[in-house]
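Contents: one structure, followed by commentary.
Hydrogens, waters and symmetry mates play no part in the numbers below; they use all other heavy atoms, side chains included. Positions are given from 1 along the sequence.
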Amino acid sequence: MAEILVLGAGMIGVSTALAFQERGHAVTLLDRRAAGQEASYGNAGFISADSTEPYPLPRNLKTLAAFGLGLRNDVTYDLRAVLRMAPALWQYLRHSRPDRVAEQARTYAEMVRRSTVAHQRLIDAAGLGNLVRRSGYYEIRRDPRTAEAEARDAQALGRDYNVSPEILSGAELCRREPAITSEVGGAIWWPQTWLCADPGALVEGYAELFRNRGGTWVQGDATTLEQVSGGWQVQSDGGPISAEHVVVAMGVWSPKLLARFGYKIPMVYKRGYHAHFDAPRGLGASIMDGDNAVVLTSMNKGLRLATGAALVDMSAPADTRQITRGAKGVSDIIELGPRIAEPQWYGTRPFMPDMLPVVGAAPKHKGLWCHFGHGHLGFTKGPASADLLVQAFEGGRSDVLDAITPARKYALGC
């Protein structure tokens, strides 16, 4: 049995704590806040088994120019923040070549394939089945030609990755989802994705399972981490805590912490927003509106509208342009109803330039482990990725682990 300290209590950190605990290790989980309050709290609620390829940066000048001129809702940005992220963005562009995307997709798809099985184990153990429905999501386009082209791409992905997209007409979508009030050019139904009615509550439930199994939960300052004789130490609200091993699972805060130990980690910081609406009709499955770059999911708090990416500094104030544009854009097909009054939430996705997470032993320090950088799918991949980390901890090897190990990724300049 080893003593393990896990820093960060989002989906990745909580899943890590549970995975080591299941192997009989003594685990302490530390965060400055309650579980699941950052990016894990505000996502679109997907536990995806249909996401087969990573999210490459478009390489055609027309699309990049549209981003730069603010003509699309996918991406907004602050120029100063983009300049600070320029080295990571340049690497992201390099890794977005079709041949590199195809190479990374093998690892990406394998991690996704394991995700629902790993989540189901925890959902059953924690008694959280009421939070999850297996209804999939629809990807829609208004222009029939665009819809047809994307349908062909979806069918190719289905053949390559053993997923089962279903191609629908606008009329068929309306029949399945009465909340959709007008026909679109076409839709793709991805049936294998699960939807969570309250992502924050799912992470909290997993954290409660960890505590009920005897795990130690403390609040404290992860930035106080230091290497000491026999391991690692951090300051909690109740005093210093030491362990032989420490796992950095702090999402977007991981590079800053690890920089203190000599690791230069490029990361693209993708902020997302959400808003809830008191819609007169809910959705059975989620809607991913490709024309307006938003996702609509019926949740316990109302109909959640989740946005794309804002490339801004971590300390930047809230900017709700993407919410406003998205709500206006979807109004042609669905009645959102009044917006529910609540503090404006936003969180930042930790996105690695090679589109794969960092999972495994830090190459220069004994007992220091990395588990972060899952980008858009941290909520999906958390439990399965944690199992991979434990496999690496126990000396295991696999093609997937080789692709995401810190030593290889940094040797490649990722």
Side-chain angles (χ1 to χ4, degrees), residues 1-41 118 121-122 125-126 200 202-258 260-261 263 350 357-362 365-374 378 382-395 406:
M1 181 181 75
E3 292 183 342
I4 298 170
L5 174 62
V6 179
L7 306 180
M11 178 60 83
I12 300 300
V14 172
S15 298
T16 301
L18 281 163
F20 277 108
Q21 185 185 57
E22 286 177 345
R23 270 67 166 191
H25 300 294
V27 184
T28 299
L29 179 62
L30 178 142
D31 201 314
R32 59 180 179 169
R33 304 176 65 185
Q37 296 299 301
E38 302 290 349
S40 297
Y41 175 85
R121 184 179 75 243
L122 299 182
L202 189 69
V203 181
E204 289 174 0
Y206 287 178
E208 185 64 21
L209 176 64
F210 168 73
R211 287 190 289 263
N212 290 341
R213 288 176 169 177
T216 301
W217 163 273
V218 295
Q219 288 189 298
D221 183 1
T223 65
T224 62
L225 180 69
E226 59 180 336
Q227 192 171 23
V228 296
S229 177
W232 298 85
Q233 183 173 282
V234 69
Q235 295 297 320
S236 76
D237 291 354
I241 296 176
S242 300
E244 181 183 359
H245 299 272
V246 63
V247 181
V248 177
M250 296 169 59
V252 290
W253 290 276
S254 299
K256 184 176 181 179
L257 175 63
L258 290 169
R260 293 178 42 225
F261 300 97
Y263 297 96
V358 185
V359 183
H365 292 80
K366 182 181 179 181
L368 178 61
W369 299 83
C370 301
H371 197 202
F372 57 84
H374 296 73
S385 184
D387 289 340
L388 285 166
L389 178 64
V390 173
Q391 182 182 339
F393 182 85
E394 295 174 346

Checklist entry - Could you give the distance from CD (Gln233) to CD1 (Ile241), rounded to the nearest 0.5 Å? => result 9.5 Å
Next on the checklist: Side chains of Leu225 and Leu257, heavy atoms from C-beta outward: is any pair under 4.5 Å?
Outcome noted: yes
Checklist entry - Between Val203 and Ala9, what is the shortest heavy-atom contact and its length? => result CG1-O, 3.9 Å
Checklist entry - Heavy-atom distance under 4.5 Å between the side chains of Thr16 and Val27, does that happen here? => result no
Checklist entry - Can you tell if the side chain of Ser385 reaches within under 4.5 Å of the side chain of His374, non-hydrogen atoms only? => result yes
Checklist entry - Considering all heavy atoms of both residues, which atom of Leu389 and which atom of Cys370 are nearest to each other, and what is their separation? => result CD1-O, 3.9 Å
Checklist entry - How about Val247 and Leu7: do any of their side-chain heavy atoms sit closer than 4.5 Å? => result no
Checklist entry - If you take all heavy atoms of Lys366 and Trp232, which pair is closest and at what distance? => result O-NE1, 3.1 Å
Next on the checklist: Apply side-chain contact (heavy atoms from CB on, under 4.5 Å) to residues Leu18 and Leu122 and explain how you reach the verdict.
Outcome noted: CA-CA 9 Å; Leu18 281 163; Leu122 299 182; 4.0 Å; yes
Next on the checklist: Using a 3.5 Å distance criterion without hydrogens, assess whether the side chain of Arg260 forms a donor-acceptor pair with backbone atoms of Glu226.
Outcome noted: no
Checklist entry - How long is the gap from NE2 on His25 to CD on Glu3, to the nearest 0.5 Å? => result 11.5 Å
Item to check | Rounded distance [0.5 Å steps], CD1 in Ile4 versus OG1 in Thr28 | outcome: 10.0 Å
Next on the checklist: Ignoring hydrogens, what is the shortest heavy-atom contact between Met11 and Pro383? Give both atom names and the distance.
Outcome noted: SD-CD, 4.3 Å
Checklist entry - Are any side-chain N or O atoms of Thr224 and backbone N or O atoms of Gln235, one a donor and one an acceptor, separated by less than 3.5 Å? => result yes
Next on the checklist: Looking at every heavy atom in both Ser236 and Gly239, which two are closest together, and how far apart are they?
Outcome noted: OG-O, 2.6 Å
Checklist entry - Do any pairs count as a salt bridge (Lys or Arg N to Asp or Glu O under 4.0 Å) and have a residue in residues 233-256, sequence neighbours left out, and if so which ones? => result none
Checklist entry - Can you name the nearest heavy-atom pair linking Asp31 to Gly10, along with the distance? => result OD2-N, 4.4 Å
Checklist entry - Atom OG1 in Thr216, atom CG in Leu29: separation rounded to 0.5 Å? => result 9.5 Å
Checklist entry - Nearest 0.5 Å, what's the CD1-OG distance between Ile12 and Ser40? => result 7.0 Å
Item to check | Interatomic spacing from CD in Gln227 to CZ in Phe261 - rounded to 0.5 Å | outcome: 7.5 Å
Item to check | Side-chain heavy atoms of Val246 within contact of Val234, under 4.5 Å | outcome: no
Next on the checklist: Would Leu368 and Tyr263 count as a side-chain contact (heavy atoms from CB on, under 4.5 Å) here? Give the steps.
Outcome noted: CA-CA 12 Å; Leu368 178 61; Tyr263 297 96; 4.0 Å; yes
Checklist entry - Under 6.0 Å between the ring centres of Trp369 and Phe20? => result no
Item to check | Short side-chain to backbone donor-acceptor contact, Ser254 and Gly251, under 3.5 Å | outcome: yes
Checklist entry - Restricting to pairs with a member in residues 10-24, which pass salt bridge (Lys or Arg N to Asp or Glu O under 4.0 Å), not counting sequence neighbours? => result Glu22-Arg121, Glu22-Arg213, Arg23-Asp387
Checklist entry - Can you list the residues that meet the ring-ring contact (aromatic ring centres under 6.0 Å, His included) rule with Phe210, with sequence neighbours excluded? => result none
Item to check | Worked verdict on Arg32 versus Gln219 for side-chain contact (heavy atoms from CB on, under 4.5 Å) | outcome: CA-CA 5 Å; Arg32 59 180 179 169; Gln219 288 189 298; over 6 Å; no
Checklist entry - Do Trp253 and Val248 pass the side-chain contact (heavy atoms from CB on, under 4.5 Å) test, and can you show the C-alpha distance, the side-chain angles, and the key distance before you say yes or no? => result CA-CA 9 Å; Trp253 290 276; Val248 177; over 6 Å; no
